[in-house]
Amino acid sequence: MKFLFTDLDGTFLGGTRQDQLRLLEALNTHKIGLVYVSGRSHQRIFPAIDSGELPRPKAVIGDVGTSLWAGDGQVLSPGYETLMQSLWGDGQLRLRTELNDFSSRGLREQPLFGPYRYSLYFDDPETARQASKRIQALGFDSLLSDNQYLDALPPGVHKGFAVNWLLNYWGLDPNNVLVAGDTLNDLAMLQLPMPAVVVANAEPLLKKALSGAHNNPQLLFASQAGAAGIHEALQQMGWTET
Ligand SMILES: [Mg+2]
């Protein structure tokens with residue numbers, strides 16, 4: 001079975017409603033399984049699935065790779081939870097304290113995020129870079145994305161880590177999985193050695209980071225935005241041929 005592992009905002013949800021419906025139809029017709037790989041937390045994904053606004057996927061990687069749920073919203077693997085717990089420890093508590101003095105420089109906590117990350121908004125990139133350094137000095141990873149999000153994550157964990165983990169868990173052949181994204185928090189999964197598409201409306205810094213000669217040879221730069229860009233990739237790969 002083939003799978004699409006896709007970011008939500010700007011990617012699967014990018015483009016027009018018509019583009020989204022056309023992509024969904026192609027996924028259904030060609031029996032391509034769907035997995036969301038999002039920065040959103042549980043409360044910002046599952047209500048949309050339960051209401052029918054988003055199609056129900058086989059699984060959801062949420063919280064920038066630090067959460068993993070089945071399509072019904074339950075924890076997919078207790079083993080993944082245990083792994084996140086061991087890598088993260090009391091990270092939220094420590095980071096909230098250690099980054100407190102950045103609040104006067106415009107760093108603000110995001111309203112909702114899962115238990116194995118600490119997530120902020122920033123206005124000033126230089127402030128975000130300084131906060132990133134402090135996060136890394138404490139032994140966590142930091143990730144700037146979409147020129148507004150600053151995430152502290154367990155060391156080595158990002159969307160790419162989680163995608164790779166799920167591929168192994170399910171025993172999928174990476175050549176049968178297309179990953180899709182549009183901002184810097186998608187970089188790690190778009191660099192995995194497997195088919196990938198960066199949609200046309202992607203953040204310029206992501207396109208730049210992906211344009212090096214050493215990069216993923218199976219990566220496609222779509223000429224269309226959002227869902228249309230994903231559809232374009234499926235067509236180019238021959239996944240939508242009958
Ligand atoms: Mg996105």
Side-chain angles (χ1 to χ4, degrees), residues 3-17 19-24 27 34-49 53-55 57 59-69 110-114 117 119-123 125 128 141-153 157-164 166 177-192 194-211 215-216 219-234:
F3 275 88
L4 168 66
F5 279 43
T6 182
D7 169 59
L8 285 174
D9 299 287
T11 308
F12 190 72
L13 296 174
T16 66
R17 183 70 186 152
D19 294 337
Q20 288 160 27
L21 293 174
R22 197 163 67 115
L23 172 59
L24 272 185
L27 296 176
L34 184 59
V35 172
Y36 299 142
V37 190
S38 178
R40 293 193 191 191
S41 58
H42 196 282
Q43 303 98 308
R44 296 209 48 234
I45 296 176
F46 283 95
I49 293 171
E53 186 188 325
L54 281 175
V60 177
I61 291 166
D63 290 307
V64 201
T66 62
S67 297
L68 178 57
W69 306 290
Q110 292 178 28
L112 287 172
F113 48 84
R117 67 191 281 207
S119 304
L120 301 149
Y121 297 115
F122 69 89
D123 299 320
D141 281 359
S142 73
L143 181 57
L144 301 176
S145 190
D146 205 18
N147 209 29
Q148 57 175 330
Y149 302 121
L150 168 59
D151 274 294
L153 300 168
V157 179
H158 41 52
K159 286 185 176 184
F161 175 89
V163 166
N164 200 41
L166 187 54
V177 179
L178 171 69
V179 293
D182 77 315
T183 67
L184 275 175
N185 76 12
D186 300 314
L187 177 63
M189 70 170 175
L190 294 168
Q191 287 176 324
L192 293 173
M194 58 195 288
V197 57
V198 56
V199 292
N201 54 305
E203 174 178 17
L205 285 172
L206 175 69
K207 289 186 181 174
K208 193 176 163 207
L210 285 168
S211 57
N215 238 297
N216 180 1
L219 174 75
L220 172 80
F221 287 83
S223 66
Q224 298 171 75
I230 299 174
H231 193 258
E232 180 184 336
L234 295 176

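Please read these numbers as outputs of a predicted model, since none were measured by experiment. Indexing begins at 1, ligand by ligand and atom by atom, following the structure's order.
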Q) How many angstroms lie between CG in Leu190 and CG in Asn216, if you round to the nearest 0.5 Å? A)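 Atom-to-atom, Leu190:CG and Asn216:CG are 8.0 Å apart.
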Q) Do the rings of Phe12 and Tyr36 sit parallel, tilted or perpendicular, given the 30° and 60° boundaries? A)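 Rings of Phe12 and Tyr36: tilted, 30 to 60°.
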Q. So Tyr149 and Tyr121, would you call those rings parallel, tilted or perpendicular, with 30° and 60° as cut-offs?
A.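 Tyr149 and Tyr121: tilted rings.
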Q. Do Leu13 and Leu54 touch side chain to side chain, with heavy atoms closer than 4.5 Å?
A.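 In short, these two side chains touch, coming nearer than 4.5 Å.
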(Q) When you compare the side chains of Ser41 and Asp63, does any donor N or O come within less than 3.5 Å of an acceptor on the partner? (A)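 No, no side-chain donor-acceptor pair sits under 3.5 Å.
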Q) Distance only, no hydrogens: is a donor on one side chain within 3.5 Å (strictly under) of an acceptor on the other, for Thr11 and Thr6? A)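 Short answer, no.
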Q: With 2.8 Å as the limit, jot down which protein N, O or S atoms are around the Mg ion (ligand 1).
A: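 Under 2.8 Å from the Mg ion (ligand 1) - ignoring waters, which are not counted - the protein N, O or S atoms are Asp7 OD2, Asp9 O, Asp182 OD1.
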